[in-house]
Amino acid sequence: MNKKITGIRGMSDLLPDETPLWQFVEGVLRRIAAGYGYREFRVPVVERSELFKRSIGEVTDIVEKEMYTFEDRNGESLTLRPEGTAGIVRAAIENGLLHNQKQKLWYTGPMFRYEKPQKGRYRQFHQFDVEVFGYDGPDIDAELILMTARMWQELGIKDVELQLNSLGTPASRTAYRDRLVEYFAAHRDSLDDENRDRLHRNPLRLLDSKLPEMQPLIAAAPQLTDSLDTVSAEHFAGLQELLTAAGVVFSLNPRLVRGLDYYTRTVFEWVTDKLGAQGAVCAGGRYDGLVEQLGGRPTPAIGWAMGLERLIEMVKLAETPVPAGNPDVYLVAVGEAAGRQALLLAEDLRTALPQYGIEVNAGGGSFKSQFKRADKSGARLAVILGADELANEQAGLKNLRHETEQQTVAWQDLIAAIDGELTTD
RNA sequence: GUGGGUGUAGCUCAGCUGGUAGAGCCCUGGAUUGUGAUUCCAGUCGUCGCGGGUUCGAGUCCCGUCUCCCACCCCA
């Protein structure tokens with residue numbers, strides 16, 4: 001035997017036993033997004049490296065040490081997308097979707113970050129994202145959050161909590177940044193090397209530090225909310241009012257700053273304590289300056305992203321019932337002639353009853369072994385074809401989930417009999 | 001990148017102080033000459049993560065390396 005080739009670290013295979021759960025979750029998200037009037041957008045997983053540097057920010061961890069960046073055969077620097085927003089903004093500008101238009105969009109797919117794998121954190125992971133362009137008021141901020149709340153409800157997820165903050169405009173954010181640098185610089189001695197480094201590179205991130213000895217310092221730091229400009233403050237108040245009216249419970253977290261540079265004004269996170277150290281299940285916010293920064297006209301924008309792996313874990317914990325994806329009918333056919341006939345019969349059944357899944361036994365086997373497979377397939381009904389049935393142009397019909405007596409049905413009556421049995425079931 | 005744990009059959013795991021591997025599940029066949037999910041019987045499945053070292057002898061001890069898990073960091 002040759003040496004095994006293994007998969008890539010942090011990139012997992014999704015086995016057939018797990019895909020029904022994924023399909024269920026993705027289906028709920030798609031349906032709800034479409035129901036709110038959002039349309040799907042699909043863009044490539046590879047973009048020019050420059051795109052992410054300019055949008056996410058040069059000094060963020062993502063850009064500095066987590067990107068899968070490589071040169072293609074032309075010597076161009078390309079990067080596997082570490083997040084989705086940048087590519088969507090690029091493509092929306094490039095295709096004219098933002099030219100005197102508003103857009104409500106969603107998309108889903110794999111993202112790539114070179115991190116050390118951990119619970120809820122992988123090198124290839126999947127997101128479901130929503131992005132909105134051209135809406136300035138807090139009503140759309142509220143709608144985005146209401147949409148996520150509905151998603152939790154339909155997925156059966158309970159242990160999540162909404163945290164809100166406002167980062168203000170770029171100008172008020174810069175003003176706050178300066179105050180913060182001043183404050184922490186005065187306490188320089190109590191910072192470790194890493195945080196001292198951050199002080200100049202990305203001071204807002206200091207507020208996120210989990211170091212226990214940092215906590216008193218952070219608690220006493222100037223609050224971003226106090227530096228907020230009036231327009232942002234009004235917007236933020238408007239959002240809170242709408243959420244309260246809609247019955248959405250939230251808490252204000254003045255230290256919620258987000259790790260990507262492009263966020264402005266509203267930011268929010270749905271967090272949980274059920275997933276180990278990775279608490280954010282869904283996060284997002286406004287990025288009013290990004291479109292312009294990437295070469296488009298000034299356009300207000302807001303979006304959020306859900307981590308599907310984390311979402312799936314939450315759905316598992318909630319034990320939400322998931323449709324199994326079994327066939328409804330399993331054709332048992334013993335003998336070569338019966339096997340041939342079963343294949344044809346099954347095609348007729350599929351044409352007449354497209355709403356049902358119909359699996360035909362393949363690979364032969366005794367009645368006993370074929371019934372075992374029928375049971376394992378999860379089918380509710382077995383259609384039986386042996387030499388006797390073949391000779392009489394009949395089939396046996398057995399309900400595998402109830403103790404009812406097996407029927408014998410003529411081929412021309414089979415469609416009606418199966419339909420009857422499955423609908424009364 | 002740093003730290004802790006881990007790796008034995010397809011899966012879940014046992015294997016005491018070194019003497020060339022075992023259980024349950026799964027799968028296959030049978031008990032029942034054409035009927036599953038229960039029961040009973042039988043059978044298949046392993047370069048013991050990989051490489052090196054110590055030893056007469058290594059799944060077991062030592063070193064290296066990789067995987068997976070968890071935490072730091074960071075984030076969805």
Side-chain angles (χ1 to χ4, degrees), chain A residues 1-4 6-12 15 17 56 60-66 81-85 108-129 148 160 192-195 197-198 202 205 208-212 256-260 268-272 275-285 303-314 330 332-335 338 361 363 365-390 396-403 405-406:
Chain A
M1 225 200 299
N2 286 324
K3 200 177 159 113
K4 263 189 245 168
T6 58
I8 307 299
R9 176 173 212 193
M11 305 198 182
S12 48
L15 272 31
D17 281 347
I56 298 170
T60 56
D61 279 26
I62 293 179
V63 170
E64 282 185 333
K65 46 190 194 196
E66 294 177 2
R81 63 180 180 199
E83 58 102 45
T85 303
T108 187
M111 307 291 161
F112 304 85
R113 289 183 202 173
Y114 191 87
E115 298 188 88
K116 195 144 174 187
Q118 189 179 322
K119 189 178 181 67
R121 198 180 77 178
Y122 309 98
R123 290 185 172 179
Q124 180 183 130
F125 63 102
H126 298 78
Q127 287 187 337
F128 186 97
D129 294 43
T148 56
V160 285
D192 64 356
D193 289 347
E194 199 167 338
N195 279 318
D197 190 44
R198 258 191 206 146
N202 203 344
R205 308 255 6 126
D208 261 355
S209 177
K210 283 185 194 167
L211 287 176
L256 180 64
V257 294
R258 316 284 311 122
L260 288 67
F268 64 92
E269 270 186 21
W270 286 94
V271 297
T272 180
L275 254 34
Q278 312 301 324
V281 175
C282 169
W304 52 248
M306 287 179 186
L308 290 185
E309 281 80 2
R310 293 179 190 179
L311 208 52
I312 295 281
E313 279 309 306
M314 292 301 287
Y330 192 99
V332 168
V334 178
N361 184 77
S366 63
F367 278 94
K368 186 186 183 69
S369 61
Q370 292 200 29
F371 267 95
K372 276 190 180 177
R373 291 176 209 156
D375 181 52
K376 241 193 99 189
S377 79
R380 288 182 282 160
L381 214 54
V383 170
I384 302 134
L385 218 57
D388 297 350
E389 287 84 356
L390 201 59
L397 207 59
K398 179 173 183 173
N399 193 315
L400 295 170
R401 309 299 155 201
H402 298 303
E403 294 286 337
E405 204 169 328
Q406 184 171 323

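Each chain gets a letter, A, B and so on, in the order its sequence line appears, and its residues count up from 1.
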**Student:** Measuring from Asp129(A):CG to Glu83(A):CD, what's the distance to the nearest 0.5 Å?
**Tutor:**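 Between Asp129(A) CG and Glu83(A) CD, I get 8.0 Å after rounding to 0.5 Å.
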**Student:** Using the P atoms only, state how far C11(B) lies from C26(B), rounded to an integer number of Å.
**Tutor:**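 So the two P atoms sit 15 Å from each other.
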**Student:** If you check every side-chain atom of Asp388(A), which of G29(B), G34(B), C69(B) has the closest atom?
**Tutor:**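 Nucleotide nearest to Asp388(A)'s side chain: G34(B).
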**Student:** Considering only side-chain heavy atoms of Ala280(A), which listed nucleotide, C70(B), U35(B), A76(B), is closest?
**Tutor:**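 Between C70(B), U35(B), A76(B), the one nearest the side chain of Ala280(A) would be A76(B).
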**Student:** Examine the base of U35(B) for any acceptor or donor lying under 3.5 Å from a partner atom in the side chain of Lys368(A), and report the outcome as yes or no.
**Tutor:**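 Checked by distance alone, the answer is no.
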**Student:** Looking at Gln118(A), I'd like to know whether one of its side-chain N or O atoms comes within less than 4.0 Å of OP1 or OP2 on A71(B).
**Tutor:**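 Affirmative; the distance criterion is met.
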**Student:** Is there aromatic stacking of Phe367(A) on G34(B) here, judged by a ring-centre distance under 5.5 Å and a plane angle under 30°?
**Tutor:**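 Yes, Phe367(A) stacks on the base of G34(B).
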**Student:** Between Lys372(A) and U35(B), is there a contact of a side-chain N or O with OP1 or OP2 at under 4.0 Å?
**Tutor:**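 For U35(B), OP1/OP2 do not have a side-chain N/O of Lys372(A) under 4.0 Å.
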**Student:** Across the strands shown, which category fits Glu389(A) at heavy-atom distances under 4.0 angstrom: base, sugar-phosphate, nothing?
**Tutor:**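 Base: the residue Glu389(A), judged by heavy atoms under 4.0 Å, touches a nucleobase.
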**Student:** Quick check on RNA chain B: between Lys398(A) and Thr60(A), whose nearest nucleotide comes earlier from the 5' end?
**Tutor:**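 Nearer the 5' end of the strand: Lys398(A).
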**Student:** U35(B) C1' sits how many Å from Leu397(A) CG, rounded?
**Tutor:**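 Computing the Leu397(A):CG to U35(B):C1' distance gives 14 Å.
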**Student:** By nearest heavy atom, map Gly7(A) and Gly276(A) onto RNA chain B; which one lands nearer the 5' end?
**Tutor:**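 Its nucleotide being nearer the 5' end, the pick is Gly7(A).
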**Student:** Touch check for Ala283(A), heavy atoms < 4.0 angstrom, all strands: base, sugar-phosphate only, or nothing?
**Tutor:**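 The residue Ala283(A) makes sugar-phosphate contact but no base contact.
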**Student:** Side chain of Lys116(A) only, please: which of A71(B), U35(B), A76(B) is the nearest?
**Tutor:**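 Selected nucleotide (nearest to the side chain): A71(B).
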**Student:** Just wondering, are more than 12 heavy atoms of other shown residues or ligands nearer than 6.0 Å to CZ in Phe367(A)?
**Tutor:**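 Check passes, neighbour count above 12.
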**Student:** Determine the interatomic distance between C1' on C61(B) and the same-named atom on A71(B); round to the nearest Å.
**Tutor:**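 Approximately 30 Å lies between the C1' atom of C61(B) and that of A71(B).
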**Student:** Would you kindly give the CZ-to-P distance between Arg9(A) and C70(B), to the nearest whole Å?
**Tutor:**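 These atoms are roughly 12 Å apart.
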**Student:** What distance, rounded to whole Å, do you find between the two C1' atoms, one in A21(B) and one in G15(B)?
**Tutor:**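 A21(B) and G15(B) have their C1' atoms separated by 8 Å.
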**Student:** Using a 4.0 Å heavy-atom cut-off across all strands, classify Thr6(A) as base, sugar-phosphate, or nothing.
**Tutor:**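 Answer is nothing: Thr6(A) stays at 4.0 Å or more from every strand.
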**Student:** Tell me the interatomic distance from Leu256(A), atom CG, to A76(B), atom P, rounded to whole angstroms.
**Tutor:**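 Distance check: Leu256(A) CG to A76(B) P gives 10 Å.
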**Student:** Identify the nucleotide, in any strand shown, that forms a Watson-Crick or G-U wobble pair with A21(B), with both distances under 3.5 Å; if there is none, say none.
**Tutor:**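 No nucleotide pairs with A21(B).
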**Student:** If you measure from CZ on Phe112(A) to CE on Met11(A), what distance do you get to the nearest 0.5 Å?
**Tutor:**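 Interatomic distance, Phe112(A) CZ to Met11(A) CE, rounded to 0.5 Å: 6.0 Å.
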**Student:** What pairs meet the salt bridge (Lys or Arg N to Asp or Glu O under 4.0 Å) rule with one or both residues in residues 114-124 of chain A, with sequence neighbours excluded?
**Tutor:**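 Only Glu115(A)-Arg121(A) qualify under salt bridge (Lys or Arg N to Asp or Glu O under 4.0 Å).
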**Student:** For a quick check of understanding: with a heavy-atom distance under 4.0 Å over all strands, which category does Gly378(A) fall into, base, sugar-phosphate or nothing?
**Tutor:**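 The answer is nothing, as Gly378(A) stays clear of every strand by at least 4.0 Å.
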**Student:** With side chain to side chain donor-acceptor pair (under 3.5 Å) as the test, would you mind laying out the steps for Trp304(A) and Thr148(A) before giving the verdict?
**Tutor:** CA-CA 9 Å; Trp304(A) 52 248; Thr148(A) 56; 5.2 Å; no
**Student:** What does Glu66(A) touch in the nucleic acid at a heavy-atom separation under 4.0 angstrom: a base, only the sugar-phosphate, or nothing?
**Tutor:**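 Contact class for Glu66(A): sugar-phosphate only.
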**Student:** Please state how far atom CD in Glu405(A) lies from atom P in G36(B), giving the value in whole angstrom units.
**Tutor:**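 To the nearest whole Å, that distance equals 16 Å.
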**Student:** Could you measure between the two C1' atoms, the one in U54(B) and the one in C63(B), and give it in whole Å?
**Tutor:**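 Per the computed distance, 11 Å lies between those C1' atoms.
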**Student:** A9(B) and C73(B): how far apart are their P atoms, nearest whole angstrom?
**Tutor:**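 Here A9(B) and C73(B) have their P atoms 36 Å from each other.
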**Student:** Is there, by distance only and without an angle test, a donor paired with an acceptor across the side chain of Gln370(A) and the base of G34(B) below 3.5 Å?
**Tutor:**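 No such pair is found, so the answer is no.
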**Student:** Measure from CE on Met11(A) to P on C69(B) and round the result to the nearest Å.
**Tutor:**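 For the pair Met11(A) CE and C69(B) P, the rounded distance is 13 Å.
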**Student:** Under 3.5 Å for both donor-acceptor distances, Watson-Crick or wobble: does C50(B) have a partner, and if so which one?
**Tutor:**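 Pairing partner: G64(B).
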**Student:** For C73(B), does the base pair up with any side-chain atom of Arg121(A) as donor and acceptor (N or O, under 3.5 Å, distance only)?
**Tutor:**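 Checked by distance alone, the answer is yes.
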**Student:** From CD of Glu403(A) over to C1' of U35(B), roughly how many Å is that when rounded to an integer?
**Tutor:**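 So the CD-C1' distance, Glu403(A) to U35(B), works out to 12 Å.
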**Student:** Say you pick atom P in G46(B) and the same atom in A23(B); how far apart are they, in whole Å?
**Tutor:**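 Nearest-Å result for G46(B) against A23(B) at atom P: 14 Å.
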**Student:** Touch check for Val281(A), heavy atoms < 4.0 angstrom, all strands: base, sugar-phosphate only, or nothing?
**Tutor:**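 If one applies the 4.0 Å heavy-atom cut-off, Val281(A) turns out to touch the sugar-phosphate alone, with no base involved.
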**Student:** When we call it a touch if two heavy atoms are under 4.0 Å apart, what does Ile384(A) touch: a base, just sugar-phosphate, or nothing?
**Tutor:**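 Here Ile384(A) touches the bases of the nucleic acid.
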**Student:** Can you tell me the base-pairing partner of U2(B)? Count Watson-Crick or G-U wobble geometry only, both distances below 3.5 Å, and say none if there is no partner.
**Tutor:**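 A71(B) - that is the nucleotide pairing with U2(B), both distances being under 3.5 Å.
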**Student:** Grab the CZ-P distance between Arg401(A) and U35(B) for me, whole Å please.
**Tutor:**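 Those two atoms, CZ and P, are 18 Å apart.
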**Student:** Tell me the interatomic distance from Phe371(A), atom CZ, to U28(B), atom P, rounded to whole angstroms.
**Tutor:**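 Checked: the CZ to P distance equals 15 Å.
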**Student:** Look up atom CD1 in Ile312(A) and atom NE2 in His126(A), then write down how far apart they are to the nearest 0.5 Å.
**Tutor:**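 One gets 10.5 Å once the value is rounded to the nearest 0.5 Å.
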**Student:** Out of curiosity, Arg113(A) CZ to Asp61(A) CG, how far, rounded to the nearest 0.5 Å?
**Tutor:**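 Result: 10.5 Å between the selected atoms.
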**Student:** Of all the choices, U35(B), G36(B), A76(B), which nucleotide is nearest to the side chain of Gln127(A) once you look at every atom?
**Tutor:**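 The answer is A76(B), which lies nearest to the side chain.
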**Student:** Compare every heavy atom of Leu400(A) with every heavy atom of Leu381(A), then report the nearest pair and how far apart it is.
**Tutor:**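 Closest approach of Leu381(A) to Leu400(A): C-CD1, 4.2 Å.
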**Student:** May I ask you to verify if any side-chain N or O of Lys376(A) is less than 4.0 angstrom from the OP1 or OP2 atom of C27(B)?
**Tutor:**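 For Lys376(A), the contact criterion (side-chain N or O under 4.0 Å from OP1 or OP2 of C27(B)) is met.
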**Student:** Distance between the C1' atoms of U6(B) and C70(B), in whole angstroms?
**Tutor:**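 Going atom to atom, C1' in each nucleotide, I get 11 Å.
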**Student:** Rounding to an integer number of angstrom, what distance separates C62(B) and G19(B) when you compare their P atoms?
**Tutor:**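 Going atom to atom, P in each nucleotide, I get 16 Å.
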